[in-house]
Amino acid sequence: MSNTGKLKAFADSIAAATSPFRNYLSDLHRKYLPLSDGTVADYIPELALADPSWFGVAVATVEGQVFEVGDCAQPFTIQSISKAFVYGLALEDHGRDYVNSKVGVEPTGEAFNAIVLDEATNRPYNPMVNAGAIATADLIKGKDGTERLKRMLDMFSRYTGRSHDIHVPVFLSERATGNRNRAIAYLMLNFGMVSDRIDETLDLYFQQCSILVTARDLSLMAATLANGGVNPVTGDRALDQRYVQDVVSVMLTCGMYDSSGDWAYRVGMPAKSGVGGGITAVSPGKLGIGTFSPPLDAKGNSLRGIRVCQQLSQDFGLHPFNVAPPPKDLDSWIKGDADLDRW
Ligand code: GLN
């Protein structure tokens, strides 16, 4: 970052610390912390170690202000949230037509790990279910697994402004227990939908799920999409502007597993969740939200994260189809103007 950039980030951090929006987020955090429903993912032992009381809420604006409340620096594995961003990299690597020929954009209404392909085309339905995500990982260019993983990690760094590692024990467990994903991959290989470097691609997929992120990172990743593909803090481009709409669209239709319809109805912001407890949600042109709380509902979505996003959407009118004046005006709350509440 340049010196002017650093100065701006410093000024933004002071403004964020004193903004009424920060107090609003603290209240939200306090309100939902006592929720004790849901269960922490336990399909591998490492995920079951997560503390159910971990709870972080981060919001990053397209102006580059970042608001953080709670456990926003606690690392956890990105899991399925990676799928949306890797889809963007595949689009950059091959263009829309080729990627569309390999992976559809239709919601399935089925669980994320369903063993199902489109009967007419043999394509996986969309890049957010495991089948589509494995087919998408297959498209990531590179001479070997190491180079392909490095390209993924570099991409995530452009979104978050910091470097990323994978959590090796989670990766090894995903690989050791991943026979269902292996079955999906070999079914696609049988239909010629993926290349024959399938074992390398499966490792790459298990590794991409094991990348460590924080709630702050997730807010910046969403804010980068909200900002047309440019990280609003560093100014680095993370995704070609041409593909931002594609990535955000599949997040809206398929990002929240088989409750994507319910989410679109109640929250509306394109989002992606992961079984590590993270959710990233995009309000195009405005902001990105990152939440982290490990207890999940039956569909695999973080319960506190759902509540937080729903409330933010209602209070600030962040549903893209909302035309009524929202109860709270986002700009006034962030800047600290008088008359914060409209009603
Ligand atoms: N690694 C997990 C899997 O492939 C990803 C699950 C998720 O976050 N839904 O099953």
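Ligands are counted one by one from 1 in listed order, and the atoms in each one are counted from 1 as well. Keep in mind the model is a prediction, meaning the values are calculated, not measured.
A distance-only check finds no donor-acceptor pair linking the side chain of N130 to the backbone of N181 [under 3.5 Å].
By the neighbour-count criterion of 12 heavy atoms within 6.0 Å, atom CZ of R307 is sparsely surrounded, having that number or fewer from other residues, nucleotides or ligands. Taking a 6.0 Å sphere around OH of Y265, one finds it holds 12 or fewer heavy atoms contributed by other residues, nucleotides or ligands.
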L218 and V213: CA distance, side-chain angles, deciding distance, side chain to side chain contact (heavy atoms under 4.5 Å, CB included) verdict
CA-CA 7 Å; L218 296 183; V213 290; 4.1 Å; yes

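Every ring pair (Phe, Tyr, Trp, His ring centres under 6.0 Å) that H29 has, sequence neighbours left out, goes to F55.
Note that K328 lies outside the cation-pi zone of F21, set by a 6.0 Å cut-off to the ring centre and a 45° limit from the axis.
Among protein residues, Y43, Q79, S80, F112, N130, E174, N181, Y205, C209, Y257, G274, V275 come within 4.0 Å of ligand 1, judged on heavy atoms.
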